[in-house]
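Here is the structure we will look at, set down as structure tokens.
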Amino acid sequence: MTQPRPVAYPLAPAPTIYHPSPDYTRLRETCPVARVELPDGGSAYLATRHADVRRVFTDHRFSRAAAAGPDRPTRELGSLAEDSLIGMDPPRHTLMRRAVSHAFTVRRVEELRPTVAALVAGMIDRMEAAGRPADLVTHLSAPLPLVVISRLFGIAEHDRERVRQWSDALVGDWDADPAAPQAALDAFRSMIDERRRHPGDDLMSALIAAWDEHDDLTERELVSVTAGIFVGGHETTTNQLNLFLLVLARHPEQLAGLRGDDRAAVARAVEELSRFIQLGDNGVLLPRVTTEEVELGGVRLPVGSAVLPAIASANRDATVFPDADSLDLDRTHNPHLAFGAGPHHCLGAALARMELQEALGALLRRLPGLRLAVDESELRFRPGLVVRSLESLPVTWDDR
């Protein structure tokens, strides 16, 4: 395939937050693996089709460690991941992931479902008691994932707010304000030191014990992995739930037909909404660098090439998802890549799915006619974050 001149990246902005850049459609059809120019003057290859994006995630020749480390070919690839799970390749990644994966198996997550259902019920009780309109962010979408991951980590209730603030710093702009995320990592290090002195029956203690069994695992890596799992365990789920409600508000006919007591329908809806939402502006998840020459989408990529896998584009690939730009809560074949794929498939995917199912199902059962209480134009996203995070989401509902 002949490569045209490089495309400027980031691509042209999307007209709304509900669809990716229109350039993705053009690239999927005409140049699915496009060479792009980055703002720092570097270059990369942008993978836009589902098959190619999935291959980038699953083929060991596309390295996360090379894209996250200090020798990465362009600064545009980000800096947070160097010592965390998302910045490692097998076999080191396999060793570290094995130390924590037991807490996130489907069986373990299902054991947690009654606890999560009870948490959701209590939060909706308090939201109803507060009266209409109520802020979903304050009452449910922010506290639920935070409470669940905090309990797994053994973080006391009185410490959760400050740990949430550390988490916010870690998903901010590292280049604009490196002091804040570094301070957050230092705070996590202090918490780990304290837990090492006073271990408990929790995930953080288990992580520390697993690390201490291996001489080649560093303390810096332990801090990064612990912080990364905590951040991933609540930030994304919070914002997914918020965006789910925004999308459903734009599709009232599908919302009206979705019953909270139909668990299978709710589960399908969570998958389709996960495919459909645009969690971030650019739609690219975790760049890779080629460790040897490799062909992707008919393009020969030299060793050391930076590759950007565009999940937002892959999830709108019409060759995989019929009528891909439309929301279809009855979609049954849904191999979306919202949680990634391969060795770096989201560690907490099963937990996130379960929390989203319980929260969405309970909201539909408990709050008939659930809808936005303000015009969408009044909603504001928090600035400086890599994901779309609403400041508030006022909702209202009908009397039962």
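For the numbers below, each heavy atom of this structure counts, side chains included, while hydrogens, waters and symmetry mates do not.
Under a hydrophobic-cluster definition in which Ile, Leu, Val, Met, Phe, Trp and Tyr are linked whenever side-chain heavy atoms come within less than 4.5 Å, directly or via other members, V320 and L296 are assigned to different clusters.
Taking CE of M191 as the reference point, atom CD1 of I155 lies at 5.0 Å (rounded to 0.5 Å). Distance check, rounded to the nearest 0.5 Å: CD1 of I229 to OG of S224 gives 11.0 Å. Atom CG of residue D59 and atom CZ of residue R55 lie 5.0 Å apart, to the nearest 0.5 angstrom.
With 3.5 Å as the limit, one finds a donor-acceptor pair spanning the side chains of D89 and S63. In summary, the side chains of R28 and S313 do present a donor paired with an acceptor at a separation below 3.5 Å, with no hydrogens or angles considered.
A salt bridge links D168 with R164; the closest basic N to acidic carboxylate O contact falls under 4.0 Å. Using a 4.0 Å cut-off between charged side-chain N and carboxylate O, R107 and E110 make no salt bridge. A salt bridge is defined here as a Lys NZ or Arg NE, NH1 or NH2 lying under 4.0 Å from an Asp or Glu carboxylate O, and D325 with R316 meets this definition.
Test R353, R331, Q357 against E271 for side chain to side chain donor-acceptor pair (under 3.5 Å) and you get one pass: R353. The only member of T290, L286, T291 that meets side chain to side chain contact (heavy atoms under 4.5 Å, CB included) when paired with R288 is L286.
Partners of D328 according to the salt bridge (charged side-chain N to carboxylate O under 4.0 Å, His left out) rule, which considers only residues two or more places apart in sequence or in another chain, do not exist here. Listed by chain and number, the residues in a salt bridge (charged side-chain N to carboxylate O under 4.0 Å, His left out) with D375 amount to none (sequence neighbours excluded). Residues meeting the salt bridge (charged side-chain N to carboxylate O under 4.0 Å, His left out) test with R400, sequence neighbours left out: E128.
Here the side chain of D317 pairs a donor or acceptor atom with the backbone of H50 at under 3.5 angstrom. A donor-acceptor pair under 3.5 Å is formed between the side chain of S190 and the backbone N or O of D186. The backbone N or O of P90 lies less than 3.5 Å from no partner atom in the side chain of T94, so there is not a single donor-acceptor pair. The main-chain N or O of S389 is never found under 3.5 Å from a side-chain atom of R382 such that the two would form a donor-acceptor pair.
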### Message
Evaluate H19 against F276 for ring pair (Phe, Tyr, Trp, His ring centres under 6.0 Å), listing each step before the verdict.
### Response
CA-CA 8 Å; H19 294 84; F276 191 84; 5.7 Å; yes
### Task
Report the C-alpha distance between H336 and F321 in whole Å, list the side-chain angles of each, state the deciding distance to 0.1 Å, and finish with yes or no for ring pair (Phe, Tyr, Trp, His ring centres under 6.0 Å).
CA-CA 9 Å; H336 66 78; F321 308 99; 7.7 Å; no
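By the 4.5 Å heavy-atom criterion applied to side chains, E355 and I149 are not counted as neighbours. Counting heavy atoms from C-beta on, the side chains of L246 and N242 never come closer than 4.5 Å. Looking at F153 and D202, their side chains never come closer than 4.5 Å, going by heavy atoms from C-beta outward.
Considering every non-hydrogen atom in both A269 and L258, the closest pair reads CB-CD2, 3.9 Å.
For the pair R49 and Y24, the cation does not sit on the ring face, since its NZ or CZ is not both under 6.0 Å from the ring centre and inside 45° of the axis.
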